Amino acid sequence: MLTIRQITNNPQEIIDRLKIKNFDAKERVTQIIEIDKEKRNTQKELDDLKAEQNKIAREIGLLFKDKKIEEANEAKAKAIELKAASKNIESNFIKLDEAMFKLVVELPNLPHPTVPLGKSDADNEKVREGGEIPTFDFTALPHWELAEKYDLIDFKLGNKITGAGFPVYKGKGAKLQRALINFFLSEGDKAGYQEIMPPLMVNEASAYATGQLPDKDGQMYHATVDNFYLIPTAEVPITNIYRDVILDEKDFPVKMTGYTPCFRREAGSYGKDVKGLNRLHQFDKVEIVQLQNPAKSYETLDQMVNYVENIIKKLGLPYRIVKLCGGDLSFTSALTFDFEVYSAAQEQWLEVSSVSNFEAFQANRLKLRFKSKDSKKKQLAHTLNGSALALPRILAALLENYQTEDGIKIPDVLVPFIGFETI
RNA sequence: GGAAAGAUGGCAGAGUGGUCGAAUGCGGCGGUCUUGAAAACCGUUGAGGAUCAAACCUCCGGGGGUUCGAAUCCCUCUCUUUCCGCCA
């Protein structure tokens, strides 16, 4: 959520920058400025009235002590009058406040100045690529056929137990999942990220604080009896550790990582994108999260991009990194780098990681602040996160790229975690 | 699931209707003393809003109510602890 001050201080800049996200903010910003003015006036009026009431209440106390009952009763009458007046103003104030929140909460984050113009993923800017796309002298199979051939993943069984998008990993398939999780977590550990094992369900306040609500309502599984949401990413519970927290400047950077299953309803998805492991309702992911001083957050974003790149390199997968254009950038993000790996039998690039700087957008809702020695005022921190990495598409690419006619080779770096060399 | 007790500032812990935004202790910060440190002593130390600044307003788990006035009384929700029941 943008701060009101951000908007009122520089309305034209907000409008211009949101255009890059293909968001027309003009009307909304104008309304916000108007309501803000009205709200301030109302608040002043209300505060003054309350001050008077407080004063009278104090006087009444003293009058009673002095046994001046008559005078006290007169004052009481006046206080009742004032109270009625302030009730009206207060209800008006609440209305304004609610209207304001509604307007502000639906404004996306401002894109970073370096975000390229564009409407869709076709306009994303390639940053760099690496690895080599394998060639086969036999007919390469897509991962869903490999999964069946070697009995690694049973999609049909998942359909039976739960429904589409809930695959069952079996035998070496399950072991491969476990090895990948361990590998990712141990990389995080080496890079100084504290490992977190968070709850897989969150309450409404948490879902709001990281911006899933109200924007992505309907995309999360909702346990209505207790009003809990199944997490769509570990970002939600891990970032919420720092909801309503005031850090000290010297605590930065806070680095956390965590493995969790992720649950997404993916309402509206269809077609070839959902084939096999490409899009699931439940999948595993290791997430990295950092909280940083605003002055250093873009430096940190670069570090996180390098970190993810390094993991993909270790797995020997062909990859490319793209900087998302304005139109492809998420609601909450200021700057995002996506990682895609090439899945050699599908002949398709698959998105496996998204590394973003949210600047103060999440922190504002989280009320995550820090105090610094140069300023008395508490400032909002910056939050960043990235997948490092999401498993299913990595698994798809590994199976497809490492296949031979006799089996599937395990990448060297995973062998210590899995205990065998081929499938 | 049933019963009881409780939720107060970074922590501990007073406060049961009237200068209480809140005693006290610990911790933090600044200072005196010291070569330095410790101890001792002095001062300072919650968050948000409004303002050039102040006066001022809001916040004692969340929400609602009673009252001229609520941390204090009532209702409700959430959470914690203990006991019982159930159970990996």
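Here is how names work: the chains are called A, B, and so on, in the same order as the sequence lines, proteins then strands, and each is numbered from 1. What you see is a predicted model; the values in this text were computed from it and never measured.
Under the side-chain contact (heavy atoms from CB on, under 4.5 Å) criterion, Ser91(A) pairs with no residue at all, not counting sequence neighbours. Residues satisfying the side-chain contact (heavy atoms from CB on, under 4.5 Å) test with Asp302(A), not counting sequence neighbours, are none. Applying the ring pair (Phe, Tyr, Trp, His ring centres under 6.0 Å) test to Phe166(A) and every residue at least two apart in sequence or in another chain returns His281(A). With sequence neighbours excluded, the residues satisfying side-chain contact (heavy atoms from CB on, under 4.5 Å) with Ala79(A) are Ile56(A). Partners of Glu421(A) by side-chain contact (heavy atoms from CB on, under 4.5 Å), not counting sequence neighbours, listed by chain and number: Val415(A). Among residues two or more places apart in sequence or in another chain, the ring pair (Phe, Tyr, Trp, His ring centres under 6.0 Å) test is passed with Phe155(A) by none. With sequence neighbours left out, the ring pair (Phe, Tyr, Trp, His ring centres under 6.0 Å) criterion links Phe370(A) to Phe252(A). With sequence neighbours left out, the ring pair (Phe, Tyr, Trp, His ring centres under 6.0 Å) criterion links Tyr319(A) to no other residue.
Listed in residue order, the members of residues 47-59 of chain A having a heavy atom less than 4.0 Å from RNA chain B are Asp47(A), Lys50(A), Ala51(A), Asn54(A), Ala57(A). Contacts of residues 200-210 of chain A with RNA chain B (heavy atom under 4.0 Å): none.
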Side-chain donor/acceptor pairs under 3.5 Å, residues 179-198 of chain A, sequence neighbours excluded:
from, atom 1, to, atom 2, distance (Å)
Ser186(A), OG, Phe183(A), O, 3.2
Glu187(A), OE1, Lys314(A), NZ, 2.9
Glu187(A), OE2, Lys190(A), NZ, 3.1
Glu187(A), OE2, Lys314(A), NZ, 3.2
Tyr193(A), OH, Gln290(A), NE2, 3.0

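For RNA chain B, the span of nucleotides reached by chain A at under 4.0 Å from its heavy atoms goes, 5' to 3', from rG18(B) to rG69(B).
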